[in-house]
Number of protein chains: 2
Amino acid sequence: MTGNAAVDAEVTSRERVLRAAAYLFRTKGFDATSMREIAQLAGLGKSSLYHHVPSKQQMLGELVDHGMDQLTSALQRVATADLPTTERLRLAVRTHVLTYIEHRDSVACFIQEGRALTGDQRGAFFAHRDRYEGWFRELVADGIAKGEFRPTDVKLAVFAILGMCHWVVRWYRPDGGFPPEKIADDFAEFAVRGLVTGQEGG
Amino acid sequence: MTGNAAVDAEVTSRERVLRAAAYLFRTKGFDATSMREIAQLAGLGKSSLYHHVPSKQQMLGELVDHGMDQLTSALQRVATADLPTTERLRLAVRTHVLTYIEHRDSVACFIQEGRALTGDQRGAFFAHRDRYEGWFRELVADGIAKGEFRPTDVKLAVFAILGMCHWVVRWYRPDGGFPPEKIADDFAEFAVRGLVTGQEGG
DNA sequence: GTCTATATATTGATAGAC
DNA sequence: GTCTATCAATATATAGAC
(Lines give C-alpha, C1' and ligand atoms only; values in the text may rest on other atoms or scores of the structure.)
Protein backbone atom coordinates (compact mmCIF):
# COMPACT_ATOMS: atom_id res chain seq x y z
CA MET A 1 0.00 0.00 0.00
CA THR A 2 1.36 3.31 -1.06
CA GLY A 3 -1.52 5.49 0.05
CA ASN A 4 -2.23 6.34 -3.57
CA ALA A 5 -5.53 4.89 -4.77
CA ALA A 6 -4.38 4.76 -8.38
CA VAL A 7 -1.64 2.31 -7.46
CA ASP A 8 -2.99 0.33 -4.52
CA ALA A 9 -5.52 -1.78 -6.39
CA GLU A 10 -4.91 -5.53 -6.50
CA VAL A 11 -3.08 -5.92 -9.76
CA THR A 12 0.16 -7.32 -11.13
CA SER A 13 3.45 -5.61 -10.32
CA ARG A 14 3.75 -4.57 -13.94
CA GLU A 15 0.41 -2.83 -13.78
CA ARG A 16 1.35 -1.15 -10.52
CA VAL A 17 4.46 0.21 -12.21
CA LEU A 18 2.53 1.51 -15.22
CA ARG A 19 -0.11 3.14 -13.03
CA ALA A 20 2.49 4.81 -10.86
CA ALA A 21 4.23 6.11 -13.97
CA ALA A 22 1.00 7.39 -15.51
CA TYR A 23 0.08 9.20 -12.31
CA LEU A 24 3.46 10.89 -12.09
CA PHE A 25 3.62 11.70 -15.81
CA ARG A 26 0.24 13.41 -15.52
CA THR A 27 0.98 15.38 -12.38
CA LYS A 28 4.68 16.22 -12.87
CA GLY A 29 5.33 15.59 -16.55
CA PHE A 30 7.45 12.89 -18.20
CA ASP A 31 10.74 14.77 -18.08
CA ALA A 32 10.33 15.82 -14.47
CA THR A 33 9.62 12.24 -13.35
CA SER A 34 12.49 9.90 -12.50
CA MET A 35 12.51 6.11 -12.54
CA ARG A 36 13.40 6.31 -8.85
CA GLU A 37 10.12 8.13 -8.12
CA ILE A 38 8.10 5.65 -10.16
CA ALA A 39 9.70 2.75 -8.31
CA GLN A 40 9.06 4.39 -4.96
CA LEU A 41 5.37 4.94 -5.73
CA ALA A 42 5.04 1.39 -7.04
CA GLY A 43 6.75 0.02 -3.94
CA LEU A 44 9.84 -1.39 -5.62
CA GLY A 45 13.54 -0.73 -5.90
CA LYS A 46 14.32 1.22 -9.03
CA SER A 47 16.24 -1.61 -10.67
CA SER A 48 13.21 -3.87 -10.35
CA LEU A 49 11.30 -1.67 -12.79
CA TYR A 50 13.42 -3.01 -15.63
CA HIS A 51 12.13 -6.49 -15.02
CA HIS A 52 8.66 -5.26 -16.05
CA VAL A 53 9.43 -2.53 -18.59
CA PRO A 54 12.37 -2.12 -20.99
CA SER A 55 12.77 1.66 -20.64
CA LYS A 56 11.17 4.89 -19.50
CA GLN A 57 10.46 5.87 -23.10
CA GLN A 58 8.75 2.56 -23.80
CA MET A 59 6.55 3.05 -20.75
CA LEU A 60 5.43 6.44 -21.98
CA GLY A 61 4.69 5.01 -25.40
CA GLU A 62 2.55 2.29 -23.89
CA LEU A 63 0.68 4.76 -21.71
CA VAL A 64 0.08 7.19 -24.57
CA ASP A 65 -1.29 4.34 -26.66
CA HIS A 66 -3.52 3.24 -23.82
CA GLY A 67 -4.88 6.73 -23.27
CA MET A 68 -5.56 7.10 -26.97
CA ASP A 69 -7.37 3.75 -26.99
CA GLN A 70 -9.63 4.88 -24.17
CA LEU A 71 -10.62 8.02 -26.07
CA THR A 72 -11.11 6.42 -29.48
CA SER A 73 -12.98 3.33 -28.29
CA ALA A 74 -15.35 5.52 -26.30
CA LEU A 75 -15.81 7.87 -29.24
CA GLN A 76 -16.50 5.07 -31.71
CA ARG A 77 -19.47 3.97 -29.67
CA VAL A 78 -20.84 7.49 -30.20
CA ALA A 79 -19.73 7.97 -33.80
CA THR A 80 -22.13 5.41 -35.18
CA ALA A 81 -25.18 6.72 -33.33
CA ASP A 82 -28.12 7.51 -35.61
CA LEU A 83 -28.77 11.04 -34.39
CA PRO A 84 -28.76 14.61 -35.70
CA THR A 85 -25.25 15.99 -35.99
CA THR A 86 -25.94 18.44 -33.20
CA GLU A 87 -26.70 15.60 -30.81
CA ARG A 88 -23.69 13.62 -32.01
CA LEU A 89 -21.47 16.62 -31.23
CA ARG A 90 -23.05 16.88 -27.81
CA LEU A 91 -22.40 13.20 -27.20
CA ALA A 92 -18.84 13.41 -28.51
CA VAL A 93 -17.90 16.24 -26.15
CA ARG A 94 -19.66 14.57 -23.23
CA THR A 95 -17.89 11.29 -23.97
CA HIS A 96 -14.47 12.93 -24.25
CA VAL A 97 -14.82 14.72 -20.93
CA LEU A 98 -16.18 11.70 -19.07
CA THR A 99 -13.56 9.38 -20.56
CA TYR A 100 -10.79 11.73 -19.53
CA ILE A 101 -12.05 11.97 -15.98
CA GLU A 102 -12.47 8.21 -15.66
CA HIS A 103 -9.07 7.34 -17.14
CA ARG A 104 -7.25 10.52 -16.20
CA ASP A 105 -3.67 9.32 -15.91
CA SER A 106 -3.24 7.54 -19.22
CA VAL A 107 -5.41 9.96 -21.20
CA ALA A 108 -3.37 12.85 -19.79
CA CYS A 109 -0.24 11.10 -21.10
CA PHE A 110 -1.84 11.09 -24.55
CA ILE A 111 -2.95 14.71 -24.33
CA GLN A 112 0.06 16.24 -22.60
CA GLU A 113 3.18 14.10 -22.93
CA GLY A 114 3.07 12.75 -26.49
CA ARG A 115 5.70 15.20 -27.67
CA ALA A 116 8.27 13.56 -25.35
CA LEU A 117 8.14 10.41 -27.47
CA THR A 118 10.90 9.63 -29.97
CA GLY A 119 11.37 7.59 -33.11
CA ASP A 120 8.51 5.41 -34.36
CA GLN A 121 6.45 5.99 -31.24
CA ARG A 122 6.52 9.71 -31.91
CA GLY A 123 5.26 9.29 -35.46
CA ALA A 124 2.54 6.90 -34.34
CA PHE A 125 1.42 9.37 -31.70
CA PHE A 126 0.98 12.23 -34.17
CA ALA A 127 -0.87 9.93 -36.55
CA HIS A 128 -3.26 8.86 -33.81
CA ARG A 129 -3.77 12.42 -32.66
CA ASP A 130 -4.53 13.54 -36.20
CA ARG A 131 -7.00 10.70 -36.61
CA TYR A 132 -8.79 11.70 -33.43
CA GLU A 133 -8.96 15.34 -34.49
CA GLY A 134 -10.05 14.24 -37.96
CA TRP A 135 -13.07 12.51 -36.56
CA PHE A 136 -14.21 15.76 -34.93
CA ARG A 137 -13.56 17.65 -38.16
CA GLU A 138 -15.78 15.28 -40.11
CA LEU A 139 -18.47 15.73 -37.51
CA VAL A 140 -18.35 19.52 -37.73
CA ALA A 141 -18.13 19.54 -41.53
CA ASP A 142 -21.12 17.22 -41.65
CA GLY A 143 -23.13 19.56 -39.46
CA ILE A 144 -22.30 22.53 -41.67
CA ALA A 145 -23.20 20.58 -44.83
CA LYS A 146 -26.56 19.68 -43.32
CA GLY A 147 -27.25 23.25 -42.30
CA GLU A 148 -27.37 22.36 -38.60
CA PHE A 149 -24.18 24.35 -37.96
CA ARG A 150 -23.33 27.82 -39.18
CA PRO A 151 -20.62 28.02 -41.84
CA THR A 152 -17.27 28.52 -40.12
CA ASP A 153 -13.69 27.29 -40.44
CA VAL A 154 -13.78 23.60 -39.51
CA LYS A 155 -10.19 23.33 -38.26
CA LEU A 156 -10.49 26.37 -36.00
CA ALA A 157 -13.82 25.15 -34.67
CA VAL A 158 -12.30 21.81 -33.73
CA PHE A 159 -9.22 23.47 -32.19
CA ALA A 160 -11.60 25.52 -30.07
CA ILE A 161 -13.69 22.55 -28.97
CA LEU A 162 -10.76 20.24 -28.27
CA GLY A 163 -8.88 23.05 -26.55
CA MET A 164 -11.78 23.49 -24.17
CA CYS A 165 -11.91 19.70 -23.62
CA HIS A 166 -8.19 19.05 -23.33
CA TRP A 167 -7.66 21.89 -20.89
CA VAL A 168 -9.68 19.93 -18.34
CA VAL A 169 -6.40 18.12 -17.74
CA ARG A 170 -5.02 21.28 -16.22
CA TRP A 171 -7.74 22.18 -13.74
CA TYR A 172 -9.87 19.14 -12.92
CA ARG A 173 -9.63 17.81 -9.38
CA PRO A 174 -11.92 15.05 -8.06
CA ASP A 175 -12.64 17.19 -5.01
CA GLY A 176 -12.96 20.41 -7.01
CA GLY A 177 -16.72 20.63 -6.57
CA PHE A 178 -17.70 19.81 -10.15
CA PRO A 179 -19.36 16.42 -10.78
CA PRO A 180 -18.10 14.94 -14.07
CA GLU A 181 -21.64 14.94 -15.47
CA LYS A 182 -21.96 18.66 -14.80
CA ILE A 183 -18.72 19.45 -16.63
CA ALA A 184 -19.68 17.16 -19.52
CA ASP A 185 -23.13 18.79 -19.85
CA ASP A 186 -21.89 22.37 -19.67
CA PHE A 187 -19.05 21.80 -22.12
CA ALA A 188 -21.31 19.99 -24.58
CA GLU A 189 -23.67 22.96 -24.40
CA PHE A 190 -20.80 25.37 -25.11
CA ALA A 191 -19.70 23.38 -28.15
CA VAL A 192 -23.21 23.14 -29.55
CA ARG A 193 -24.00 26.84 -28.99
CA GLY A 194 -20.76 27.79 -30.65
CA LEU A 195 -21.76 26.00 -33.82
CA VAL A 196 -25.53 25.84 -34.26
CA THR A 197 -27.16 28.26 -36.62
CA GLY A 198 -28.99 31.16 -35.06
CA GLN A 199 -28.75 34.90 -34.40
CA GLU A 200 -27.38 35.39 -37.91
CA GLY A 201 -30.01 38.04 -38.54
CA GLY A 202 -28.96 40.09 -35.48
CA MET B 1 23.53 34.85 -35.90
CA THR B 2 21.93 31.61 -34.91
CA GLY B 3 19.43 31.36 -37.72
CA ASN B 4 16.63 31.73 -35.18
CA ALA B 5 14.75 35.00 -35.61
CA ALA B 6 13.72 35.07 -31.96
CA VAL B 7 17.33 35.29 -30.90
CA ASP B 8 19.13 37.15 -33.68
CA ALA B 9 17.75 40.62 -33.02
CA GLU B 10 20.21 43.27 -31.96
CA VAL B 11 19.96 43.13 -28.21
CA THR B 12 22.09 42.61 -25.15
CA SER B 13 23.61 39.22 -24.44
CA ARG B 14 21.36 38.85 -21.45
CA GLU B 15 18.30 39.35 -23.62
CA ARG B 16 19.62 36.88 -26.19
CA VAL B 17 19.96 34.31 -23.44
CA LEU B 18 16.44 34.92 -22.15
CA ARG B 19 14.94 34.77 -25.63
CA ALA B 20 16.76 31.54 -26.42
CA ALA B 21 15.53 30.05 -23.16
CA ALA B 22 11.94 31.18 -23.76
CA TYR B 23 11.95 29.70 -27.25
CA LEU B 24 13.26 26.35 -26.02
CA PHE B 25 10.99 26.27 -22.96
CA ARG B 26 7.99 26.79 -25.24
CA THR B 27 8.95 24.25 -27.86
CA LYS B 28 10.58 21.53 -25.72
CA GLY B 29 9.46 22.30 -22.20
CA PHE B 30 11.49 23.53 -19.21
CA ASP B 31 12.58 20.11 -17.96
CA ALA B 32 13.60 18.88 -21.40
CA THR B 33 15.76 21.95 -22.04
CA SER B 34 19.38 22.02 -20.84
CA MET B 35 21.54 25.03 -20.11
CA ARG B 36 23.89 23.70 -22.79
CA GLU B 37 21.14 24.03 -25.43
CA ILE B 38 20.22 27.51 -24.29
CA ALA B 39 23.85 28.59 -24.48
CA GLN B 40 24.22 27.05 -27.93
CA LEU B 41 21.17 28.87 -29.28
CA ALA B 42 22.31 32.12 -27.69
CA GLY B 43 25.79 31.70 -29.16
CA LEU B 44 27.69 31.36 -25.89
CA GLY B 45 29.52 28.73 -23.90
CA LYS B 46 27.28 27.26 -21.23
CA SER B 47 29.28 28.70 -18.35
CA SER B 48 28.82 32.19 -19.75
CA LEU B 49 25.09 31.98 -19.07
CA TYR B 50 25.75 32.34 -15.37
CA HIS B 51 27.23 35.75 -15.89
CA HIS B 52 23.78 36.93 -17.04
CA VAL B 53 21.40 34.78 -15.02
CA PRO B 54 21.80 33.18 -11.58
CA SER B 55 20.08 29.88 -12.37
CA LYS B 56 17.81 28.01 -14.74
CA GLN B 57 14.94 28.26 -12.27
CA GLN B 58 15.40 32.00 -11.95
CA MET B 59 15.28 32.36 -15.73
CA LEU B 60 11.98 30.51 -15.89
CA GLY B 61 10.58 32.69 -13.13
CA GLU B 62 11.55 35.82 -14.98
CA LEU B 63 10.06 34.55 -18.23
CA VAL B 64 6.82 33.45 -16.59
CA ASP B 65 6.50 36.89 -15.01
CA HIS B 66 7.18 38.55 -18.32
CA GLY B 67 4.58 36.44 -20.12
CA MET B 68 2.04 37.21 -17.44
CA ASP B 69 2.80 40.93 -17.73
CA GLN B 70 2.17 40.83 -21.47
CA LEU B 71 -1.24 39.24 -20.95
CA THR B 72 -2.39 41.39 -18.06
CA SER B 73 -1.20 44.71 -19.44
CA ALA B 74 -2.94 43.99 -22.73
CA LEU B 75 -6.08 42.92 -20.91
CA GLN B 76 -6.18 45.97 -18.68
CA ARG B 77 -6.42 48.22 -21.72
CA VAL B 78 -9.58 46.29 -22.59
CA ALA B 79 -10.98 45.91 -19.11
CA THR B 80 -11.75 49.59 -18.70
CA ALA B 81 -13.49 49.97 -22.07
CA ASP B 82 -16.98 51.43 -21.80
CA LEU B 83 -18.80 48.77 -23.80
CA PRO B 84 -21.54 46.17 -23.36
CA THR B 85 -20.24 43.08 -21.56
CA THR B 86 -20.66 41.03 -24.71
CA GLU B 87 -18.28 43.30 -26.59
CA ARG B 88 -15.84 43.37 -23.68
CA LEU B 89 -15.77 39.56 -23.75
CA ARG B 90 -15.14 39.64 -27.48
CA LEU B 91 -12.31 42.11 -26.98
CA ALA B 92 -10.84 40.11 -24.11
CA VAL B 93 -10.66 36.89 -26.10
CA ARG B 94 -9.30 38.70 -29.15
CA THR B 95 -6.68 40.43 -27.03
CA HIS B 96 -5.59 37.22 -25.34
CA VAL B 97 -5.14 35.39 -28.63
CA LEU B 98 -3.31 38.24 -30.34
CA THR B 99 -1.07 38.85 -27.33
CA TYR B 100 -0.12 35.19 -27.19
CA ILE B 101 0.75 35.09 -30.87
CA GLU B 102 2.82 38.27 -30.66
CA HIS B 103 4.70 37.27 -27.51
CA ARG B 104 4.52 33.52 -27.95
CA ASP B 105 7.65 32.38 -26.16
CA SER B 106 7.26 34.13 -22.82
CA VAL B 107 3.46 33.80 -22.73
CA ALA B 108 3.83 30.07 -23.40
CA CYS B 109 6.15 29.90 -20.36
CA PHE B 110 3.36 31.44 -18.29
CA ILE B 111 0.68 29.15 -19.70
CA GLN B 112 2.60 25.89 -19.88
CA GLU B 113 5.65 25.86 -17.63
CA GLY B 114 4.53 27.63 -14.46
CA ARG B 115 4.20 24.36 -12.59
CA ALA B 116 7.96 23.80 -12.91
CA LEU B 117 8.59 26.76 -10.60
CA THR B 118 9.54 26.22 -6.98
CA GLY B 119 9.39 28.14 -3.72
CA ASP B 120 8.18 31.74 -3.72
CA GLN B 121 8.13 31.92 -7.51
CA ARG B 122 5.69 29.03 -7.60
CA GLY B 123 3.32 30.72 -5.17
CA ALA B 124 3.52 33.99 -7.07
CA PHE B 125 2.74 32.20 -10.31
CA PHE B 126 -0.44 30.62 -8.98
CA ALA B 127 -1.52 33.95 -7.51
CA HIS B 128 -1.02 35.71 -10.83
CA ARG B 129 -2.80 32.95 -12.72
CA ASP B 130 -5.76 33.13 -10.33
CA ARG B 131 -5.90 36.89 -10.74
CA TYR B 132 -5.98 36.57 -14.51
CA GLU B 133 -8.74 33.94 -14.37
CA GLY B 134 -10.56 36.08 -11.82
CA TRP B 135 -10.78 38.96 -14.24
CA PHE B 136 -12.54 36.73 -16.76
CA ARG B 137 -14.86 35.43 -14.06
CA GLU B 138 -15.91 38.95 -13.14
CA LEU B 139 -16.55 39.66 -16.78
CA VAL B 140 -18.76 36.60 -17.21
CA ALA B 141 -20.58 37.15 -13.93
CA ASP B 142 -21.21 40.75 -14.93
CA GLY B 143 -22.72 39.64 -18.23
CA ILE B 144 -25.03 37.20 -16.48
CA ALA B 145 -26.10 39.84 -13.94
CA LYS B 146 -26.97 42.22 -16.76
CA GLY B 147 -28.92 39.58 -18.64
CA GLU B 148 -26.61 39.69 -21.64
CA PHE B 149 -25.37 36.17 -20.89
CA ARG B 150 -27.44 33.11 -20.05
CA PRO B 151 -27.22 31.91 -16.46
CA THR B 152 -24.48 29.26 -16.28
CA ASP B 153 -21.67 28.24 -13.95
CA VAL B 154 -19.12 31.06 -14.11
CA LYS B 155 -16.06 28.99 -13.27
CA LEU B 156 -16.82 26.33 -15.87
CA ALA B 157 -17.57 28.97 -18.50
CA VAL B 158 -14.18 30.59 -17.90
CA PHE B 159 -12.39 27.23 -17.89
CA ALA B 160 -14.01 26.57 -21.28
CA ILE B 161 -13.05 29.95 -22.74
CA LEU B 162 -9.50 29.96 -21.39
CA GLY B 163 -9.04 26.34 -22.39
CA MET B 164 -9.91 27.23 -25.95
CA CYS B 165 -7.54 30.23 -25.79
CA HIS B 166 -4.64 28.55 -24.00
CA TRP B 167 -4.69 25.54 -26.28
CA VAL B 168 -3.53 27.80 -29.12
CA VAL B 169 -0.07 27.24 -27.63
CA ARG B 170 -0.26 23.65 -28.76
CA TRP B 171 -1.23 24.04 -32.40
CA TYR B 172 -0.42 27.55 -33.63
CA ARG B 173 2.34 27.85 -36.24
CA PRO B 174 3.12 31.15 -38.02
CA ASP B 175 2.99 29.29 -41.35
CA GLY B 176 -0.07 27.27 -40.40
CA GLY B 177 -2.38 29.16 -42.72
CA PHE B 178 -4.37 31.04 -40.08
CA PRO B 179 -3.79 34.79 -39.79
CA PRO B 180 -3.82 35.86 -36.12
CA GLU B 181 -6.80 38.14 -36.75
CA LYS B 182 -8.81 35.25 -38.16
CA ILE B 183 -8.13 33.08 -35.11
CA ALA B 184 -8.92 35.97 -32.78
CA ASP B 185 -12.20 36.73 -34.53
CA ASP B 186 -13.40 33.13 -34.71
CA PHE B 187 -12.51 32.39 -31.09
CA ALA B 188 -14.17 35.57 -29.87
CA GLU B 189 -17.29 34.53 -31.76
CA PHE B 190 -17.21 31.09 -30.13
CA ALA B 191 -16.93 32.58 -26.66
CA VAL B 192 -19.75 35.04 -27.24
CA ARG B 193 -22.08 32.46 -28.79
CA GLY B 194 -21.43 30.11 -25.90
CA LEU B 195 -22.66 32.69 -23.42
CA VAL B 196 -25.19 35.08 -24.96
CA THR B 197 -28.84 34.53 -24.23
CA GLY B 198 -30.88 33.00 -27.03
CA GLN B 199 -32.53 29.78 -28.14
CA GLU B 200 -33.79 29.24 -24.61
CA GLY B 201 -37.32 28.83 -25.93
CA GLY B 202 -36.29 26.09 -28.39
C1' DG C 1 32.19 39.15 -20.55
C1' DT C 2 33.67 34.73 -22.24
C1' DC C 3 36.35 30.92 -21.81
C1' DT C 4 38.38 25.97 -19.95
C1' DA C 5 38.28 22.94 -16.36
C1' DT C 6 35.94 20.92 -12.80
C1' DA C 7 32.86 19.79 -8.75
C1' DT C 8 28.80 17.41 -7.42
C1' DA C 9 24.54 15.28 -7.99
C1' DT C 10 21.32 12.67 -10.51
C1' DT C 11 19.86 10.42 -14.37
C1' DG C 12 18.48 5.98 -17.15
C1' DA C 13 20.08 1.60 -17.45
C1' DT C 14 22.95 -2.91 -16.61
C1' DA C 15 25.24 -6.97 -14.05
C1' DG C 16 24.76 -10.39 -11.16
C1' DA C 17 23.64 -12.34 -6.35
C1' DC C 18 19.76 -14.46 -4.12
C1' DG D 1 11.01 -11.19 -9.18
C1' DT D 2 13.57 -8.18 -6.18
C1' DC D 3 17.67 -6.76 -4.50
C1' DT D 4 22.75 -4.22 -4.06
C1' DA D 5 26.30 -2.33 -6.54
C1' DT D 6 27.73 0.05 -10.32
C1' DC D 7 28.31 2.23 -15.00
C1' DA D 8 28.38 5.89 -18.28
C1' DA D 9 26.22 10.00 -19.46
C1' DT D 10 24.43 14.28 -18.49
C1' DA D 11 22.68 17.78 -15.52
C1' DT D 12 23.26 22.41 -12.96
C1' DA D 13 26.46 25.19 -11.19
C1' DT D 14 31.21 27.07 -9.66
C1' DA D 15 36.32 28.55 -9.86
C1' DG D 16 39.46 31.05 -11.90
C1' DA D 17 42.37 32.38 -16.13
C1' DC D 18 42.26 35.88 -19.63
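Per chain, numbering begins at 1; letters A, B, ... match sequence-line order.
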Looking at every strand, decide which applies to A:T12 at a 4.0 Å heavy-atom threshold: base, sugar-phosphate, or nothing.
nothing
What's B:S47 touching, base or sugar-phosphate or nothing? Going by heavy atoms closer than 4.0 Å.
base
What is the distance from CE of B:M59 to C1' of D:dT12, rounded to the nearest Å?
13 Å
Test the A:R170-A:Y100 pair against the cation-pi criterion, namely NZ or CZ under 6.0 angstrom from the six-membered ring centroid and within 45° of the ring axis.
no
Should B:R90 and B:E189 count as an ion pair when the cut-off is N to O under 4.0 Å?
yes
Taking the six-membered ring for Trp, are A:H166 and A:Y132 parallel (under 30°), tilted (30 to 60°) or perpendicular (over 60°)?
parallel
Taking atom C1' of D:dT10 as reference, at what distance in whole Å does atom CG of B:D31 sit?
15 Å
By nearest atom, which of the nucleotides D:dT2, C:dT2, D:dA13 is closest to the B:K56 side chain?
D:dA13
Measure the distance from CZ on B:R14 to C1' on C:dT2 and round it to the nearest whole Å.
17 Å
Closest to the A:L44 side chain, choosing from D:dC3, C:dT2, D:dT14:
D:dC3
Output the rounded distance in Å from CD (A:Q40) to P (C:dG12).
13 Å
Taking the side chain of A:S13 as its heavy atoms from C-beta onward, which of C:dG1, D:dA13, D:dT2 lies nearest to it?
D:dT2
A:H128 and A:D65: side chain to side chain contact (heavy atoms under 4.5 Å, CB included), yes or no, with the steps?
CA-CA 9 Å; A:H128 291 145; A:D65 277 353; 4.0 Å; yes
When the distance from CE of B:M35 to P of D:dA9 is rounded to whole Å, what number comes out?
23 Å
B:Y50 has a side chain; which of C:dT2, D:dG1, D:dT12 sits nearest to it?
D:dT12
So does A:H51 get a side-chain nitrogen or oxygen closer than 4.0 Å to the phosphate oxygens (OP1/OP2) of D:dT2?
no
Give the rounded distance in Å between these two atoms: NZ of A:K46 and C1' of C:dT11.
7 Å
Per B:S34 side chain, nearest of listed nucleotides C:dG12, D:dC3, D:dA11
D:dA11
Among the nucleotides C:dA13, D:dA13, D:dT2, which one has an atom lying closest to any side-chain atom of A:S55?
C:dA13
How long is the line joining CD of B:E15 and P of C:dG1, in whole Å?
14 Å
Rounded distance in Å - CG (B:L49) to P (D:dA13)
10 Å
Decide whether A:E62 and A:H66 meet the rule of one side-chain donor and one side-chain acceptor closer than 3.5 Å.
no
